[in-house]
Structures are given as C-alpha cells and as structure tokens.
Amino acid sequence: MGEEVELIKEHLNVADVIGEYVSLKPAGANFKALCPFHAEKTPSFMVSPGRGTWYCFGACNEGGDVFSFIQKIEGVDFPAALKLLAERAGVQLTGQTRSHSQRQRLFDLMAAATRFYHEILANRSAGKRAKKYLIDRGVKAATINDFQMGYAPNVWDALQQWLGRQRYAVDEMIAAGVVGRSPRGKLYDRFRGRIIFPIADTQGRVVAFGGRVTPGRQQDDVGKYINSPEGPLYEKRRVVYNLQRAKQALRGGQPCVVVEGYMDVVLLAQAGLETVVATSGTAFTGEHVDQLRRFTNVLHFAFDADAAGWKATVAATQAALSAGMKVATVVLPAGKDPADLVVENPEGAAKIMQASRPLTSLLLEQLRASTETASQEDQLKALVLLAGRVRNPIQQGAMVQEIAQALHVPEDRIIDLLRQAQPVQPALNVEPDIDGGAAQPDLDVLAEHQLLGLLMLNRDVRKALFPYLEAGFLLDPNCQALYNSMHQIAEHKTSFFTMSGDELVGDFDVALVPLAEAIRARAEELLGTTSHTPLQEGRLLLRALQRRSLKSRLDALQQELMAAGEDSRAKALQRFQTLAHELAGIDNS
Ligand SMILES: [Zn+2]
C-alpha cells in the first residue's frame, strides 16, 4: 500500500485537492486559508504544495498530508480516502482490504436500488400515480432525474427479487437497510408504496433513502415519512440531505439554507436556490453543524412556521452558535412551509429564503408582543441561553446590549443570568482588555514559528543564530518541543550545522514532523514577502524574542523588588540593572 500512497502523492497537487474545499490564497510558494476544521476570521491554515502538506496553526494545531486532509474533511477512514484519491490520481489500487471491498459492495447495492426505484417512477406504469402526484405538486421531470427520485412499488419483495438477480446476498440487502427481517424470519422490502428520495454522502454516494407515502394510500400504521435504518453506511446524525450538490455553491461564500423536508429541498433547488439542505429523519444537531462547517460558516434556518418549527429553530441556532457559526432565521409566512412558497411564487421563494433575520431580534419581537409574564420569563431565558452560546465576546456583548435595551433590564442582570446558565466557563469577557486585544499572542507565536522555520531552512541562519537562541525565548509549547529536539540533535551530531532542512526534519521525532514541515512553510512564506536576507530576517526575529523574554523577566523582578526585604532588595536591584542594560543593548543594536 505504501507504494500506492507515494504514487498518488506524486500524481496529485495537495493545493488542487484542498482548493476544492477551501478557498486558498497564495502566500509565497505556499497557500493560506481559513481553516475548514474550526471557525476563525484570520487564516491560520497553511498548505505547502512543495511538501504535499497542510497545517492549521489555530485551534486545531494539527496537520498532515493529502490523505489525512481527505479523511478529516470527508469524515472517512483511510481506505476510503485512498480509494477517493486513487480515482482522482488515476492510480490503480491492487491491495484493497476485504472490509473495504465489502463496504464498496454496499455502495454499489445502494446505487443499484436507486436505479431500480428511479426507473419505476420515471418509466413504469407502477410509478404513474406517484409521478402524477409529484408533477401536480410542481416537481418537473428534469428535477426527478436530477435528484434520482424514485418509487417503491407497493409489493413485499420487488426490490429484493431484483437485487437478487444482480447477485446481491440477502445479508447485504439487510446491511444496506433496504430489506428487513421480521421476528418470524420473513423478509420484506422496507420501502413499499412510497416516493423515494435517495440520500447521499458528501461524495455523492447514496447511503440511505427517505420514503414518503403517496396520497390515497391507507395511512393507518405507516408514517408520512420513513428513513433507512442506521447501518454501516448511514449515520443519520451526520448526514445532510443534498449537501453533496450544495457544497460546490457554498464554497462561493453563500449562506447555507437549512429546511425541514426533502420536498422543500427539491422544490427550492428547482427554483434556483443551490445552497439548500435538510437533515434526514432527525433534529438538527451539532454533528450536522460539523458537516456544514466544512463548506460554509453562515447558516439560515427556514423551519416551518409552527410551534414545533420554532422550537427546532431555537435548538438548531444554539447548536450552530456553539460551533462559532453565523446564524440567521428565515421568516416564513405563518402556516407555510418552503415548498408551499415555491409553488405559489417560484421566483420570490428563493429570495425569501436568502433574506433572513437574527434570531435574537425575532425572539425580542415575540417577547414584546407577548403579554403573559410566564412566557416572557421563558423567552428571556431562551435569549440568555442563545447569548451564552455565542463564542465571540464582541458579538456576545452586542447581543447582551440588545436584549437589555429591548427589555429595559440592566445589562448586569443579563450577565448574571448568563453566568448562571454556564457556571463552568462564562463565555463573556466582561473585563476590559487593557493590554490591547487578544491578537498579540498570535503575533508572538508567529515570530517563534518564523524563526524556528528559518533555522531549519537555512544553514547560515542556523550557524549564526542557533547558539544564541534560548529555550526561555519561546513561549509556545510546540515551539519549545521543536527547539528541544533541535538542541538534542545539535548535541549529538556534529553535522547539525551543515545538515539540509530535510535531513534535520528527518531526525525529529515522527510526531513533530507535520508541525516542523508547516513551520518551515511559514518561514518560506516570510521569505517570499520580505526584501531582507534570511539572516537579516532571522536576526530581527531573534532580537524580538529576546527582547520579549527580557521584558517579562524585568516585570517579574519589579514585582520581586516591591515585595523584597532590605537585604534581598540590593541583589534584586543589581539583577534588574543588568537585565535593563541587556535590554537597552538589544534595542540599540
Ligand atoms: Zn483549524
């Protein structure tokens, strides 16, 4: 398998692959982007085509190669990532594992079932009534094709018979969830007399079906909608309906519109709204947010305008805010679902779905309109709960202000409620930030990265500056680990100062390699944007870190001086003067 991996890496440019998921900006020989794995405003995600690697310097602090990227972003295991990239690279795989090919057979089975159902709806007399119903509801024939919609005939074993002729085993049909076995051992098609919506993963492979009863069919013991049971292919918490189609449009930065039903999605997409999705057979959860976050950070919820829909909106908004997403609510006319709107006004519907309002302001409006005290209290709590989920302190502060003003309640009261709601970690930073913002530490870490990167990259810089770098100059634990590694190599190998960057990184502990690679890329980025030589750049960085370290030691000493007794003060004062002198020396050089 190792050879195949290398071959695939040779055939693919990591930037091309990653560029399909995130928008990359050139930075020297490398690329920068907003990290797709965590919410952020300034790019800390780096891609280095030269090395075939990626790294997130932000919250993830993690990196790897094109395989680990695909595994992480597609939520698949290594064999699946291998297969995906092999296809892309045009590399023939020989050493596929058995479990992988079993899984592939289930995907093939689902594709075959999709074709079967679709053929019946599109062309057979058994599907005539269902097709007429769909056309009457405004679904065009082309849309039925696009979404591969189908019809499951009202027979106990139609699919089972057909799949049997395609040489699929009963166990495979059961594993895929299309055939069930009764307690008495009788086999039955799970979907009967239903319109079929194939549900695909983000790679476009069908993993489940949603089935809607056709009108006129007796509905005594059957739900309006049923879904495939969970199994090896389908985890309903993680699957978002239509995301495989919406993801391309989402990369343009458009908001993702989340609706409740498959029909809503189909009709809105037909009306030209490309970025519409729905959950499948379950409430919207944090795991759905994780899926969507790979492609967008803006969600518009457009749930039905009834009590249940309202509750779902609040819950979904909380889940999305917790993940740092921007969230808004689409206000639908009372009693209407998105599908109704499309039928009434196809052009206007897409517009309504994209115009949205922050949920806070909607809740506030309701609150003002409501007269019962109990419900006011409930809604205040809902508002506070929402505000508590907002990660960004500035956004949260604005929300608190908005709530306080609207309700004529002091801001302190809201903040108190917030604290009660989240005793563990109050998300609200009420202390004024005297030191001038939280961006500072990041800049410092950047300097540490750049200097270490230069030391790896360039032998002259290493020879001239490494002896002057001290562990105490570095605050970032990752940088300290890298420094210690370099220090050890320097002690044990006389060739330390003449090694190439690759040789040096090859000597690091394996666990440090992705970080080391990414840090080298950061230094390359720096060199691509400066007119200084690497050595000049290295000197500036070393000096800045040295200065920072001295300053913090001076601060500590100052504290010590204030607390010191007569005799120890003299000594501390002496040290203080030495350090101050050193600091002046750096600043003048
Ligand atoms: Zn990240």
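Numbering of ligands and ligand atoms starts at 1, following listing order.
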Arg547 to Phe473, cation-pi by 6.0 Å centre distance and 45° axis angle: no
Can you list the protein N, O or S atoms less than 2.8 Å from the Zn ion (ligand 1)? Cys35 SG, His38 ND1, Cys56 SG, Cys60 SG
What do you reckon, is CD of Gln480 surrounded by more than 12 foreign heavy atoms closer than 6.0 Å? yes
Quick one: are Phe45 and Ile18 in side-chain contact, heavy atoms under 4.5 Å? yes
Correct closest heavy-atom pair for Asn30 and Met46 would be CB-CE, 4.3 Å
Run the side chain to side chain donor-acceptor pair (under 3.5 Å) test on Tyr55 and Asn61 for me, step by step, so that the C-alpha distance in whole Å, both residues' side-chain angles and the decisive distance to 0.1 Å come before the verdict. CA-CA 7 Å; Tyr55 204 90; Asn61 202 358; 3.1 Å; yes
Can a donor-acceptor pair be found between the side chains of Ser44 and Glu40 at a distance below 3.5 Å? yes
